[in-house]
Number of protein chains: 2
Amino acid sequence: MDDVDRQLLAILQQDALRPYAELGQAVGLSAGATHERVRKLRERGVIRRTTIEVDPAAIGRGVLAFVMVDSTKWVGDSGDQFSAIPEIQEAHVIAGSASILVKVRTSTTEQLQDVLRRMYAIEGVSGTQATVVLETFFERPVAP
Amino acid sequence: MDDVDRQLLAILQQDALRPYAELGQAVGLSAGATHERVRKLRERGVIRRTTIEVDPAAIGRGVLAFVMVDSTKWVGDSGDQFSAIPEIQEAHVIAGSASILVKVRTSTTEQLQDVLRRMYAIEGVSGTQATVVLETFFERPVAP
DNA sequence: GATGAAAATGGTGATGT
DNA sequence: ACATCACCATTTTCATC
């Protein structure tokens, strides 16, 4: 993980389809050497996968909300329960007054309400506190 | 935006490097037609870009926190101020008691503290409430 | 590790239905 | 809007340094 690797990651985050020849030119390496670098980054798991960024509004997910989930029981291993709700994009165990923080995307606030209902059905969940997003300033990849 | 488009998006989210021939086979189209579909999805902005998913811990961003930011002034157009802090991965204007919610990734909690310090320097910011993530259940693309 | 070139593969565009 | 095909850029591998 030297500086060249970090540069490659930064470029690939912006456009993962750039030819190795161009990539190499940007970092001062041959296409072959660049290919080898990227291959190893994948192998080591630094690059988890190549994916596409989809506009949430275009696929009927225009409403974004963060929900703090309170619980009475230990919910540290109920990740699958949250994963079963497709509208939940992220779920984290947190330190603080609440237990779980989830990021939810729905098409309407009614559907958001329905997601809350389904979360209450999870064993141990005793409360939710939803925060609706009015405007997203930015969402970007982690800077290497 | 029919069902085929949604299928294509779902597959490409998992692996954006799948050949068009394979993609087409999965949805019952020729490689050429599939290529055309994907091209239009890009053109329409449904697909924003193809990118790589990087393991945060591997690039020294092992600490994840969500921070509620309180403010005394209107901060609805200070997105650039937050954007200037590279450790901030997301920033949203929210409804509720706080004004802004940001997602921060740092290598240490000391560095997290430093990010809070830099946020206080933003005009109008009057308080922060950080919630540190202990474990991430999952983070996944929005389901089409 | 990096290089450079050869071989395999998939992207791209024209044409026709 | 889709299928087929031909061409060319890119990926991928390998011998070499």
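Hydrogens, waters and symmetry mates are skipped; everything else that's a heavy atom, side chains included, is used. Note that the structure is a prediction, hence the values are computed from the model and not measured. Sequence lines set the chain letters: A, B, ... in the order given, protein chains first and strands last, and positions in each chain run from 1.
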Touch class at under 4.0 angstrom, heavy-atom based, for B:A33 against every strand present: sugar-phosphate
Rounded distance (Å) that lies between atom P of C:dG11 and atom CD of B:E22: 9 Å
Minimum-distance nucleotide to B:S30 side chain [options: D:dC2, C:dG10, C:dG1]: D:dC2
Nearest-Å distance for atom pair OH/P, residues A:Y20 and C:dG4: 18 Å
Length of the line joining B:L12:CG and C:dG11:C1', which is rounded to integer Å: 14 Å
Integer-rounded Å distance: C:dT17 P and B:L29 CG: 20 Å
Under-4.0 Å side-chain N/O to phosphate OP1/OP2 contact, A:R37 with C:dA2: yes
Euclidean distance, atom CD of residue A:Q25 to atom P of C:dT3 [Å, nearest integer]: 13 Å
Presence of salt bridge, B:R118 and B:D114, under 4.0 angstrom: yes
Atom pair distance, as rounded to whole Å: CD in B:E36 and P in D:dC5: 19 Å
A:H92 ring center within less than 6.0 Å of B:F138 ring center: no
Atom-to-atom span, CG of B:L23 to P of D:dC2 - whole angstrom: 14 Å
Sugar-phosphate, base or nothing in reach of A:R39, heavy atoms under 4.0 Å: nothing
Polar side-chain atom of A:R140 near backbone of B:S83 as donor-acceptor pair, under 3.5 Å: yes
Whole-Å P distance, D:dT13 and C:dG11: 16 Å
B:Q111 and B:E87: side chain donor to acceptor below 3.5 Å: yes
C:dT12 OP1/OP2 closer than 4.0 Å to side-chain N/O of B:H35: yes
